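Worksheet for the structure shown next.
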Amino acid sequence: MPEIRPENRPGNSPGTPRDIGPAQDLVVVRNLRKTYGATVAVDDVSLTVRSGEIFGILGPNGAGKTTTVESIAGLRAPDSGTVRVTGLDPRKRRAEITSLVGVQLQASELPDKIKAREALELYASFYPAPRDPGELLEQLGLAQVQNTAFAKLSGGQKQRLSIALALIGNPRIAILDELTTGLDPQARRDTWELVRGVRDAGVTILLVTHFMEEAEYLCDRIAIIDGGRVVALDTPAGLIAAARSEQRISFRLPGPLTDHSVLTALPAVHEVTVENGRFVVTGNDDLLVAVVTELAARGLAPLDLHTEQTTLDEAFLTLSGRTSEGADR
Ligand SMILES: Nc1ncnc2c1ncn2[C@@H]1O[C@H](COP(=O)(O)OP(=O)(O)OP(=O)(O)O)[C@@H](O)[C@H]1O
């Protein structure tokens, strides 16, 4: 019996997990460099995307994100370095790469009058083993608007259509670039759930974004790119941990604590301040347990206790050495 490889199996759908086997290195980028005249778009990028993950490329405008993923899709020729997708050179194996890698079309690139279903059927005709357009319309919640002209679709529907177009060729990898830009919060959430469903069905996702919240919510691993270089690459939790220099807790006390040195003497504590009767204590990872235990030994239970977490936003700023104005673009 011939082997049916997952990427050739028709009808894979969100909610029907593919049997993709153990994770493998699907995309391997080594020392990628790409210039446009005097502009260094990508200086030196190395990363590996494993099968089954949602891999995020996060960074400010002009960081080199799009040039990196376009090189992976074979749309740009690197000046130096190597790119391999399932071991293939995307510039030399165009036909295979086109089937393996689905690229999200920017929604505005479709003609106004084309209907959602027509667009999908047209794109399906470009691929050797496409997915069924009707099934994709159903799965992406577009069946009701399949005969609606593109210009009349809502922002969320246009975005879902662009995801459908990235998936129509039944790819192993989908590149989604600025997936939710311009969407309202509900449409953004809906799109995130959809992307998770696509991944759960076995499509590896390479997600380009400059939204921290999106990267933190969706991605298994994230490469932070800045100035054409990878400045950090880890899980969202790993990036936050790497950037976290100290923990901070704050609380009130039901009774007086006249001598603060009982807290400052604890090895886990760096600093104690009191603002309007509220204690703010910073220290290392053991801070919370150490402080609460010490207070309990004195019969004091802290009230209104808050622990402050480092966010991915703060991690990005720490790891890239940027100011918040520089990151929020
Ligand atoms: N075709 C091109 N010709 C000339 N310069 C380019 C071209 N494409 C990109 N650049 C420049 O290369 C740099 C990196 O661009 P790139 O689009 O890869 O970054 P990005 O991180 O995706 O940015 P954005 O978030 O704005 O899309 C930028 O300075 C950009 O102006």
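FYI, the numbering just counts along the sequence from 1. Below, all heavy atoms of this structure are taken into account, side chains as well, without hydrogens, waters or symmetry copies. Start at 1 and go down the list; that is how both ligands and their atoms are numbered. As the structure is a prediction and not an experimental result, all values here were calculated from the model.
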Are any of the N/O atoms in [X] less than 3.5 Å from those in ligand 1?
| X | answer |
| --- | --- |
| Val40 | no |
| His210 | no |
| Gly62 | yes |

How close does the nearest protein non-hydrogen atom get to [atom], and which residue and atom is it?
| atom | answer |
| --- | --- |
| atom 16 (P) of ligand 1 | Thr67 OG1, 3.7 Å |
| atom 27 (O) of ligand 1 | Thr66 OG1, 3.6 Å |
| atom 12 (O) of ligand 1 | Ala41 CB, 3.3 Å |

Any side-chain heavy-atom pair of [X] and [Y] under 4.5 Å:
| X | Y | result |
| --- | --- | --- |
| Tyr217 | Arg188 | no |
| Arg91 | Arg76 | no |
| Gln144 | Glu138 | no |

Main-chain N/O of Asn170 paired to Arg131 side chain as donor or acceptor, under 3.5 Å: no
Ser261 side-chain N/O to Thr264 backbone N/O, donor-acceptor pair under 3.5 Å: no
Arg84 bridged to Asp89 by N-O distance under 4.0 Å: yes
Residue Pro60 vicinity, atoms of ligand 1 by number, heavy atom under 4.0 Å: 21 (O)
Atoms in ligand 1 with a heavy atom of Ala63 nearer than 4.0 Å: 19 (O), 20 (P), 21 (O)
Non-hydrogen atom of Gly59 closer than 4.0 Å to ligand 1: no
Any protein heavy atom nearer than 4.0 Å to atom 9 (C) of ligand 1: yes
Option set Lys34, Arg76, Lys65, criterion heavy-atom distance to atom 25 (O) of ligand 1, minimum: Lys65
Trace of the salt bridge (charged side-chain N to carboxylate O under 4.0 Å, His left out) decision for Arg229 with Asp43: CA-CA 6 Å; Arg229 288 172 166 263; Asp43 188 9; 2.8 Å; yes
